Amino acid sequence: MRITGLLALALASSTAITSNPALAQIETEAKDDALTYPKTNTVDVVEEQFGESIADPYRWLENDVREDADVAAWVAAQNMVTDSYLATLEGREPLAASMTALFDYDELEPPVKVGGKYFYERKSGGQNQAILYVRDEKAGEERVLIDPADWSEDGATALAEWKPSGDGSLLAYAVQDGGSDWRTLKVMNVATGEIMKDTVEWVKFSDLAWMPGNSGFLYSRFPEPEEGEAFQSLNKNHTIYMHMLGKEQSRDIKVYATPEQPELGHTATVTSDKRWVVITSSSGTDDRYEITLVKVDANEIEPRKLVTGFDHNWSLIDGVGDTLYFMTNKDAPRLRVMKTDVSAETPEWIEVVPEHVATIDDAVLVGDTLAVDYIDDAKSRLELFALDGTPKGLVDLPGLGQVKGLDGSAKASDGYFAFESFNRPATIYSFNNAGAPTVWAKPDIPFDPESVTVSQRFYESKDGTKIPMFLVHKKDLDLSEGAPTLLYGYGGFNISVLPGYSAPKMAWIEAGGVYASANLRGGGEYGKEWHDGGRLQNKQNVFDDFIAAGEYLIAEGITPKDGLAIEGRSNGGLLVGAVMNQRPDLFTAGHAAVGVMDMLRFDRFTAGRYWVDDYGYPNKEADFRKLLSYSPYHNIQNGTDYPALMVSTADTDDRVVPGHSFKYTARLQALNTGDKPHLIRIETRAGHGSGKPTDKLIEEYSDIYGFMADAIGLKIAD
């Protein structure tokens, strides 16, 4: 739960309150009066960068809330003001009740078939974390393998990555605590449920890959951070190790590292026939990789390069003997499938599936069939091919939506995928080379999906580019005079935003609101060109696309001018902050979640250094000037009335450190930005988003959507 109220302030260090008494001076008034925010001390920090004097008066708020008592007191004071304001909103409790009901279904994941066993996750209504189940055969009786419910009192410790051994007898799995990106690895005997003594620490951004004979598994980790630096220090020297079962971690074997290039990240995969270890290395987030091979049965670890140069995307699909299949954007901006014989002295690349007008999102082998998942105008299509590239037909998908969790292998006779849309939670399907999918598992859902309309529009951005946008609302909603609308966007890191179900968003729709999702440049919906069109020197296109979406919704009468709220998370939090600065007149309310708000210092913390592929380098002048032009923290307009804004973050976010949101909020509150509320909601025992328990999600989104509903006039009925 969040630190709230007087109790939270009392729990803060008395030294902090004494040494910084302004932080303890909290006054709250009714929401109709001007809010009184906690006074935030400033520091005299001004740095010269390329002839510019850059003031950073809230630099001290970058300190770790667990290590700095003054920051902890500031957090408590801010949450006290936010809680007091939220307590006045009538819509929160009805929204929480609606979300609780809408979460009452089975969240399903596709099964992973290994050694004749079927492993899969399911989270049922009322459960905070997903449970891992196993069946010994396809139609066999399921049994619980891992239930994280007892791992912590607050439900904030989650099962993260997991991987069965080749025969299905063992399971390597990762424990995620408090939403952190750090993982602890454990091993289980699948037959008995016994947790073995193996423990591996300081794992992050890792795949898990078992070696033949269950001798051990590969994983990726960083060096153990210095005391007190686990949630702040830069992540460098990513290394692949092999953990040998029954051995201490100190005896793990180093498989691959690049100490001469400490900025590189590395993950390891083993082909399904256990012949090749395929190591993928990257320097950032731009899907430009080098590929290194290690022969599994070699007497010594002898890495050899297959792809060099960090010029293109190379993503392993699987291997059949010495023939490896990859997806790549080399000479194909929307990707194609290629294969190579790695036993050759100089392997040659052969095209299997050529580039298509749609963008390849994923591909797997299912026996002698290649299943390719395409993004076609921001929605999925699934097509089958023979291994020589001969088309074998489309898999019949049940409507407009997205394929998720596509799974299969060269050793399997059938594959699996999940399919969902804005109005339908995931249903799990199995399929074979005939292409006809059959239902593996389907949830009972607490609403009628036919009562919700999903449609797609295209609108023009500032430069004339056509941008897709989905609209979702109750079928019987009268839009003749517009309705309060929530517009979502992301626009970055080659991430495609496809139709997907969300209980909080469905609660908004059930309450009579419209939900809109814009597919902005910077994402991967249309391949490399679309991504490049929204990054680096082109980043302003993302903001223009989002602003144009808002203008379209108002011009088309979908929402009244005072009825538009916006939302984004992470890179989308940056988006919300930037467009609030650029067009505060257009939006009435916003939610900036776990956002990257200081674009001049993002690369100095944890994983931030990876993001230079999308944002650029703050220490290079051309990039610096572009970053400064839109950095949310640096571009707040003094003397301008801003929309109502809720900033949200979490104390254990070690991906986008909370200092971004702290500094941005402090400056927004300190300047003359109007009388509308500008609040921050700071979660404890939570991170960037993954692993968050259901009860925290309901509490968080009933707060935030209640705030935005109140701001734009969406009436929430009891």
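We count residues from 1, following the sequence as given. Please read all numbers here as calculations on a predicted model, not as lab measurements.
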Participant: Does the pair Glu62/Arg601 count as a salt bridge with the N-to-O cut at 4.0 Å?
Facilitator: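 The answer is yes: the pair qualifies as a salt bridge.
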Participant: Taking side chain as C-beta onward, heavy atoms only, is Met708 less than 4.5 Å from His591?
Facilitator: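 Yes - at least one pair of side-chain heavy atoms lies under 4.5 Å apart.
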Participant: Look at the aromatic rings of Tyr490 and Phe493 and report parallel, tilted or perpendicular, splitting at 30° and 60°.
Facilitator: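 Correct class here is tilted.
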Participant: Less than 6.0 Å separating the ring centroids of Tyr705 and Trp508?
Facilitator: yes
Participant: Please name the pair of heavy atoms, one in Ser53 and one in Val46, separated by the smallest distance, quoted to 0.1 Å.
Facilitator: CB-CG1, 4.0 Å
Participant: Specify whether Phe602 and Trp611 have parallel, tilted or perpendicular ring planes, treating 30° as the upper limit for parallel and 60° as the lower limit for perpendicular.
Facilitator: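 Ring orientation of Phe602 relative to Trp611: parallel.
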Participant: Considering residues at least two apart in sequence or located in another chain, which fulfil the side chain to side chain contact (heavy atoms under 4.5 Å, CB included) criterion with Lys676?
Facilitator: Thr588, Ala644, His678
Participant: Below 6.0 angstrom between ring centroids: does that apply to Tyr501 and Tyr105?
Facilitator: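 Yes, the ring centres sit under 6.0 Å apart.
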Participant: Taking the six-membered ring of Tyr488 (Phe, Tyr or Trp), confirm whether the NZ or CZ of Lys505 is under 6.0 Å from its centre and within 45° of its axis.
Facilitator: yes
Participant: Hey, does the side chain of Ser629 reach the backbone of Lys626 with a donor-acceptor pair shorter than 3.5 angstrom?
Facilitator: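 Pair found, side chain donor or acceptor close to backbone of Lys626.
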Participant: Mind jotting down which residue pairs meet the salt bridge (charged side-chain N to carboxylate O under 4.0 Å, His left out) criterion with at least one end in residues 634-647? Sequence neighbours excluded, please.
Facilitator: none
Participant: Can you tell me if Glu93 has over 12 outside heavy atoms packed within less than 6.0 Å of its CD?
Facilitator: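 Open.
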Participant: What residue among Asn63, Thr665, Asn79, Thr40 forms side chain to side chain donor-acceptor pair (under 3.5 Å) with Trp74?
Facilitator: Thr40
Participant: Do the rings of Tyr633 and Tyr58 sit parallel, tilted or perpendicular, given the 30° and 60° boundaries?
Facilitator: perpendicular
